[in-house]
Structures are given as structure tokens and as C-alpha cells.
2 protein chains.
Amino acid sequence: MSSKVTMTDVAKEAGVSKSTVSRILNGNYGQNTEKTVHKVLKVIDDMDYRPNALAKGLKGMKTNVIGIILSNLQNPFWIKVLEGVEDTCRSKGYSLMICNSNEEADIEEEHIKQFQMRQVDGIIINPTIKNLNLYDQLKKDRLPFISINRKIYGLEFDTVVVDNVSGGKLAVTHLIKLGNKKIAIFLYPTEGISPRIERLAGYKEALKDYGIDSDPELIVIAKETPGSIREKVKQLLLSQKRPDAILSTNNMMTLEILEGIKDLGLTVPDDISLIGYDETVWSKHLNPPLTTVNQPSYEMGQLAAERLISLIESNDSVDEEMKTISLEPNLIIRESCGFKEGVNIN
Amino acid sequence: MSSKVTMTDVAKEAGVSKSTVSRILNGNYGQNTEKTVHKVLKVIDDMDYRPNALAKGLKGMKTNVIGIILSNLQNPFWIKVLEGVEDTCRSKGYSLMICNSNEEADIEEEHIKQFQMRQVDGIIINPTIKNLNLYDQLKKDRLPFISINRKIYGLEFDTVVVDNVSGGKLAVTHLIKLGNKKIAIFLYPTEGISPRIERLAGYKEALKDYGIDSDPELIVIAKETPGSIREKVKQLLLSQKRPDAILSTNNMMTLEILEGIKDLGLTVPDDISLIGYDETVWSKHLNPPLTTVNQPSYEMGQLAAERLISLIESNDSVDEEMKTISLEPNLIIRESCGFKEGVNIN
DNA sequence: TTGAAAGCGCTAACAC
DNA sequence: GTGTTAGCGCTTTCAA
């Protein structure tokens, strides 16, 4: 029966008006006879009535749905973020629409428009940074909107990020303290994407702090196409400039770097040290167990959702200030940088 | 401007009626003057009008939203499934609401009810198997519904699964051919969950085929609480019954088994062989590279979505037959079962 | 070819 | 305390 039961049916069955049912449903019983409340509640239960959220949303201009657009589901980092978002949303009574832009501007645009048509109450997005005017439009439309993980330079948005300068610096400092001097960093093309830019900045800062000159040839940019990293690793390791340590700035990249090293018959950490960005379930099971820069991903998702919901629910006459929340990463030290004796690790 | 523009506004601006706008929007131009069509289309574009999906859904009884409930986001297997579902949905014009039951009956129930209230057009679910009457109710409500990955014994549902008997058998047969006789299998509590039951069945079948007696002590059931598997591995390997090979039936479980083995200072495959269930990005990077049972997860998602959409769009007077789609797993052979000489594999 | 009007299921004044 | 009524933005007969 349930699926077709409407409020009118309930009202009829209980011998009251729709308004009464509506009030009781929404917890405004202050005003109702206990008897009425009881009766209506019973009918609702008996008929297994479930309010139609579309109708409610249409009328009330609130859907309790939040849209989230990620750029890559394969990376476990995002799954953790997602869990943080999901838990928070569920506990606050919001449902989630999840989409994947795959870093493509068109798809991102399509999803954003879908969200608007579906009247979501707010959007969380790891922006491709390729739809600047669209993000701006969102703001003009006063649709609550949070950029997660990436900063949108030049535009003022609510943002939740991890401090990537700090992350890069943490890793490189660790390598330097272990006695490494020729440290390479691998990156995907920066293209205005803040984590990439900032991790590189952190790398440079750390070198500078220790008076090491940054060598452009040790800054390796590779496309995200499969195999491209592996090739570059081999090239670099066979060149004059062979580094004694590598900082990888992405999960999947790290696995490819490992392959490249293996291809050459070299060993981590004996022949070369390696630090990965993002802790994963498998980090400690690699050969050797990997030292990683860990980002508080779950927390990031949580904070983004909380912030968004607060934006949504704030009386918008109050018009909250833009806010950037920045979290700190930390280093998880394992064996991939070796244990060099006589070196004082802090 | 966009966010508040309604069809009435467009109609007014274009000097036509709402009906006309509606028709044009929905591609029923057959009947309209090219001039009108042009004019309206231009206004729509100029005003950046986006139809309100709620209103449309309310009226039309179709939302083009599909709900999917998974039980565990951490497992990359599900992410692949999700990608298959997402790609298919997007290409067919459906949006996705994704939820996570965490194997908990209450949460599952809550999500299903949410979906119904939100008038989703159909549901894909990896069922906890703990809400049998709810699944049944769905059927009675004639809400298109697909069970993915798990069979719901005793109830007739549309289902997309991978053949798990075959998967278990494949793995064990491989181990036997490599000369292993004492083969253990690790499982989470079966609790009516078909993949677990069937993988065990496949294990037994393979043993039987080769005239090996199945030893109950080599069938290890462990809770899903962290560390529980690791403990059991150690117990088993220190016991009289120490096996020469282990079949793990889950991704995360495999990592824990590896830890247990490492704790004892033993080596794979020299001291013990290991096969993992589900191929992942990291399988080939473990030490040693892991032989796995690979499931066509992306395809599974794809098929489930296609089937669901076909159910949704089928004129339901036709009332399609229930259907169970079963896919075949395959073995990816690496080094974790050793290369024993003189043994004919295959 | 186009418009008028009714109604999808709900909420929220306003009246009684 | 409870009912009446007027929409929310759209689709869809039915008429013109």
C-alpha cells in the first residue's frame, strides 16, 4: 500500500484536515489535542505513509539534499573525505548526491546545473578550476557552496583545505634530515591547482631553509596518463642528475614510481628514498612500508559538511563571512627513507 | 538571475503561455512554429532558465534519480562498481543518490525510506540481507529494484552477481595444481550472505574434485573487527594444522593476513602461499605481488544500472520477468603462490 | 499552433 | 485546536 498513500488519504482516514496532519508530521504538536495527535500518528503508521519529499521541497524551497562533486573516485583519499561528509550529512538529516567530474570542465558544469535544477540546498566541490564564472554564478545565485581541497585563487569562497605548503615542507625536511641532498619532486601539471602549486612551494621552502639549491631538473612534471610517470622515473634515475630521494605528490603516482624503480632493478630505500603523499590502507604493506604525508581526510569532509550546513541553515539575512578552514597534515614514518645511522632526526 | 527564473517568467518574457514553453522544452516541437520555438529558446538561453526538477517530478511522477546503497565504501571493489553505475546513469540522463549502509540493518532501512520519500525511480542495493520484508515491500510497491553482488535467497529479485562458486573454485584449483594440499580459507561470518557462502562452496568443490578431504579447522571464520583476522592467522600458523596456502575472501582481510604472516617472521610464498579476492590497484605492488581473483566490478555496475533503467523505462504493463545476471571472475596470477618447478599449471 | 485551467502533494497564512 | 485556501513550478488534457 505505502507507495501511493498521500497526505490527503491520511487526513481522510483520520477524519481531520491535511493541515492537521502536516502540523503533527512536522512536530508542531504544541497546539494539538493529545487525542488527535495519537489518532493521526496511528493512521500514519497503519497506512505506512511516507511524505513526498518533492512536494515538500517544492513548497518549502528546501530539499535537504546536498550535492558533492569529486574529481576522482579511485583515490582512497576521496573516499575518506566522502565518509566524513556522509556521516555528517546523515546525522543532520541531509541526503547526498555524489558526482564525479573526472577533472573535466564539461562534466563539472553539467553536474552543477543538474544540482541546481534539483534544488539542492548546497554544493561541496573539489573544483576543476576550469569553470571560474560558473563558480562565481553560484555565489551570485546565493547557493551555499564550499570548495574542498583546492583553493580558487582570485575568488572569495568558503574553502576547506589541508595546508599543502606545510605538507611538502614536512616531507622534504624529513628527507634532508636523513642526509638526502638531491631530492626530486614529482607532480602532475600544476594548471592553477593549489595543492600541486603549494606542495611544490613547500618543497622549495624546505630546500631553501637548509641552503640547498633547487634544481629544475629534479622537479618533474608528468601527465596523468598511465605510464607517463613510470617513464619519467626511469629517465631521471638513468640521468646524470639521479636523485637520492623522491617526493611523490599523489597516491597513484607513488605506485607508478615504485614500478619505475623496480624496472631498473633498484631498491627502496637502499638505492633511493621515497615519500608518498596521502596515507592509504596499503601504504604499510608496500615493499618497503612507505613513509607518507597523511592528510586528515575524514575530518576535512566532516568540516566541509558542517560548514555547508551551517551556511544553509544560517538565517541568510545574517550573511555569514567567507571562511577558509585549513587543516594540518602529518608525516607517517616507515621504512621507505631508510634508517641512516648517525643522523639526528629531530 | 538564473536561480529564481521560473517557467512563468520565460513565458511572460517570450509572450507565450507556459504550455508552449513546456512543450518546446520537452522537445515536442512538431507542432510549433519555427518562429515560436526560436523565440522561446532564445529567451530560455538569455534568462539562463533551468527547469525545476522537483516540480517536474511532482507532476510527472518521474524524477530521473536512482538510489544506490552500498555496504562499504572503503573497499575499492565498490568504487569500481560505482563508476560503472555512474557512467551508465549519466549517459542515460539519471542522477545518483549514493548511500552507505555499513552493513547495518537500521541504516539500510533508513536509506531505503529516504529514497522512497524522494521518489527515486529505482534502487540498486548490495543488501545487508537483514531487511527481508523491506525488500519484499519494495517489490509490492513496484519500485524497480536490483540486488547487486548478493543474492537474496528465497525471494525473487532482479540480481546482478559474480559467480562466487566459480571464484572460490578457480583459486583453490590453482593452489592445488601448484602442489598445495593443506589449503585454508578465511571468511567473514557467512550470515546468509551469498558471496561468502558460495566462495566457501567453491573451495569445497575444488578440494573434492581433487580428492582432498576438507578439514574444518582450515575453514577460518573471523569477525570484521580490526585485528581479528590477524590473530586468527597467527593462531592457525602456529597450530598443528599449519596450512601451506591461504585463500583470503576479501580485500581488507588480505592485508591483515599479510600482517599476521609478517608478525611471525614468515614469508610469502616460501613459507605459505596466498591468494586474495578482488584485484586492486595495489595488488601488484605488495610484497610479493599478489595472485588475485578478479571480479568484473565495473561491468557489474554497468549491467545493474542498465537493467534497472530498462526496468524503469519498460512500459510496466509489459511487466518484465525477473532476471539474474551472473558474471564470471578470473584469476590474475602473480608471485604469491610461488613458482614451483615441475608442476604443470593447467 | 497555442492557451486556459486543473492538479501533482505539500505547507502556511488566515480564519473560525 | 483545527479547517480552508492559496499557491510552490511544472505537465497535460481540452478547447479554441
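In the text below, chain A, chain B and the rest are named by the order of the sequence lines, each starting its count at 1. Everything numeric in this text was worked out from a predicted model, so none of it was measured.
Taking CG of B/Asn100 as the start and CD1 of A/Ile79 as the end, the distance is 10.0 Å to the nearest 0.5 Å. If you take CZ on A/Arg118 and CG on B/Leu54, they are separated by 9.0 Å, rounding to the nearest 0.5 Å. Atom CD of residue B/Glu108 and atom OG of residue B/Ser71 lie 9.0 Å apart, to the nearest 0.5 angstrom.
Between the CG atom of B/Leu25 and the P atom of D/dT11 there is a distance of 7 Å, given to the nearest Å. The distance from atom CG of A/Asn52 to atom P of D/dC8 is 18 Å, rounded to the nearest whole Å. Rounding to whole angstrom units, NZ of residue A/Lys62 and C1' of D/dG9 are separated by 20 Å. The interatomic distance linking B/Arg50 (CZ) with D/dC10 (P) rounds to 13 Å, in whole Å. Between A/Met7 atom CE and C/dG7 atom P there is a gap of 18 Å when expressed in whole angstrom units. Between A/Gln119 atom CD and C/dC10 atom P there is a gap of 18 Å when expressed in whole angstrom units. Rounded to a whole Å, the CG atom of A/Leu54 is 12 Å from the P atom of C/dT11. To the nearest angstrom, C1' of D/dC10 lies 13 Å from CG of B/Asp9.
Comparing B/Gly15 and B/Leu58, the nucleotide of DNA chain C nearest to each residue sits closer to the 5' end for B/Gly15. In terms of position along DNA chain D, the nucleotide closest to A/Lys59 lies nearer the 5' end than the nucleotide closest to the other residue of the pair B/Asn26 and A/Lys59.
The side-chain contact (heavy atoms from CB on, under 4.5 Å) check on B/Tyr298 picks up B/Glu83, B/Asp87, B/Gln302, with sequence neighbours excluded.
OP1 or OP2 of C/dT11 lies within a sub-4.0 Å distance of a side-chain N or O belonging to A/Ser22. Between B/Thr6 and D/dC10, a side-chain N or O to OP1/OP2 separation shorter than 4.0 Å is present. Between A/Thr36 and D/dT2 there is a side-chain N or O to OP1 or OP2 distance below 4.0 Å.
Residue-level contact check: A/Lys56 touches the backbone only, with heavy atoms under 4.0 Å from sugar-phosphate atoms and none from bases. Counting non-hydrogen atoms under 4.0 angstrom, B/Thr20 reaches the backbone sugars and phosphates but no base.
Between its opening and closing five pairs, the helix from C/dT1-D/dA16 to C/dC16-D/dG1 changes axis direction by 40°, a value rounded to 10 degrees.
Within 3.5 Å, a donor on the side chain of B/Arg23 pairs with an acceptor on the base of C/dG3, or the reverse. Evaluation of atom-type donor-acceptor distances gives a pair under 3.5 Å for the side chain of A/Ser19 against the base of D/dT4.
Remark: A/Lys139 fails to qualify as a cation-pi partner of A/Phe145 under the 6.0 Å distance and 45° angle criteria applied to the six-membered ring.
Looking at A/Glu103 and A/Arg150, a side-chain N of the basic residue comes within less than 4.0 Å of a carboxylate O on the acidic one, giving a salt bridge. Using a 4.0 Å cut-off between a side-chain N of Lys or Arg and a carboxylate O of Asp or Glu, B/Glu86 and B/Arg90 do not qualify as a salt bridge.
For A/Pro51, whose side chain is taken as the heavy atoms from C-beta onward, the closest listed nucleotide among C/dC8, C/dC10, D/dC8 is C/dC10.
Of the possible polar contacts, one joining the A/Asn126 side chain to the A/Ile148 backbone as a donor-acceptor pair under 3.5 Å is found.
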